[in-house]
Amino acid sequence: MNKIGVGYASVTPLEKKYVNEALDSDRLSPSRYVHQFERSFSAKHNKRYGVMCNSGTSAIHIALEALKEIDGWDEGTEVLVPALTFISSSNAVLHAGLKPVFVDVDPMTYNMDPRQIGQHITGKARCILPVHAFGLPCEMDLIAVIAQKNKLRIVEDCSDAHFALYKGRTVGSWGDLSAFSTYVAHTIMTGIGGIAITDGEHCAEILRSLIAHGRSCTCEVCTASDPNQVCRKRSDNEMDRRFLFERMGYSYRVGELEGALGCAQLERAGEIMSARRRNAGRLTELLSPLQDVLQLPIYGSDYGHTFMMYPILIKSGKFTRKELTDFLEMKNIETRPMFPLLNQPIYRKMYGDIEKHYPNAAMIARNGFYVGCHHGLDEEEMAYIAATVKDAVEGFMR
Ligand SMILES: Cc1ncc(COP(=O)(O)O)c(C=O)c1O
């Protein structure tokens, strides 16, 4: 049996058709497909604008930079982030010259615990960055109330929870801005890539400028550098606005190949999502006899989980994560630890031993791991994962 991986990049004839059309179009810089992906992705989240860029990290970074410019935040302004997430959520805060302030997570959902946010809000806080972990949305209604009461902006990191629902509303539709990664293992993937969405026209213009070196005009004609079209504004200035730079920007663009992949994946989103839900549901059913020993993803009817992966937390002290994951890996089942953050060497160097102040995050970072439940896997593979986990746990508990 091939290794059962945690992630999957599915490329069907539809992705190939669109990519080939992009290649044949003789225009690889962002144009038709990128703009179509941006429009369609943002519309699906009830947002007016989407800006595609080269990674989820870049999407969070430019979202924060845009708010920093619009609201006039100082360097070191505080952004509240979960104490358990993939490191790039909090790295992006640092890239923007801001200060991450960590908030412990809920031990059941693994998401930022809204009940613990208040104690971390200081006079320097301006933004909350909730991360919807492993496909499960944060309690966004509570977070939105806290943000409103304390005049804080919200930037959602939806990288791991494309199209997940909370109380009937898609993640990414709550924030002032929201960011998504479309890197290969993600539910909607474009190879490399990311997208930031917003309702603000001015904000979207800043985002477009930031991904293109801080350029002045970011209209679709200038972005595509199409020699057959002329931007209306190009001649209202002595200098062509494509070569006028208004702010410190970055080179965060993607091209038509990523846009083409994204458009195809969006058309297949329903099919991708339902296969993941079906696989995860099957795993939960098969593993439920082990619930005294393993915490499985259990969530209420307010949540529409999209299972970018299948998280498992070891509750028993009779065996370690390493013992269980070594066994699974030996049996050809790939595993990953559940996003240890505060004990990463770089964060220990920067912040010292702060993990002890975040007991839930520390416990999950020590005992949590995930396996794959993606749309490239089937019923037989779910049964194999469940039987192997059962085998291992029964052996350890004997
Ligand atoms: C929660 C979260 N945020 C951000 C990212 C960063 O995405 P990228 O690798 O596209 O920069 C990831 C990557 O997997 C992630 O899991």
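Numbering of ligands and ligand atoms starts at 1, following listing order. Atoms considered below: every heavy atom in the structure, side chains included; atoms not considered: hydrogens, waters and symmetry mates.
- Between the side chains of Y110 and Q295, at least one donor N or O lies within less than 3.5 Å of an accepting N or O.
- Take K318 and apply the side chain to side chain donor-acceptor pair (under 3.5 Å) test, not counting sequence neighbours, and it matches no residue.
- A donor atom on one side chain and an acceptor atom on the other are found under 3.5 Å apart for H61 and Y252.
- With E256 contributing its side chain and Y33 its backbone, the two residues share a donor-acceptor pair below 3.5 Å.
- Checked by atom type, the side-chain pair D157/S89 shows a donor-acceptor distance below 3.5 Å.
- Residues Y303 and H305 keep their aromatic ring centres 6.0 Å or farther apart.
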Put together the list of close N/O pairs, under 3.5 Å, between ligand 1 and the protein, could you?
from     : atom 1 : to   : atom 2 : distance (Å)
ligand 1 : 3 (N)  : D157 : OD1    : 3.4
ligand 1 : 3 (N)  : D157 : OD2    : 2.7
ligand 1 : 3 (N)  : S159 : OG     : 3.3
ligand 1 : 7 (O)  : S181 : OG     : 3.2
ligand 1 : 10 (O) : G56  : N      : 2.8
ligand 1 : 10 (O) : S181 : OG     : 2.7
ligand 1 : 11 (O) : G56  : N      : 3.4
ligand 1 : 11 (O) : T57  : N      : 3.0
ligand 1 : 11 (O) : T57  : OG1    : 2.5
ligand 1 : 14 (O) : H186 : NE2    : 3.0
ligand 1 : 16 (O) : D160 : OD1    : 2.9
ligand 1 : 16 (O) : D160 : OD2    : 3.1

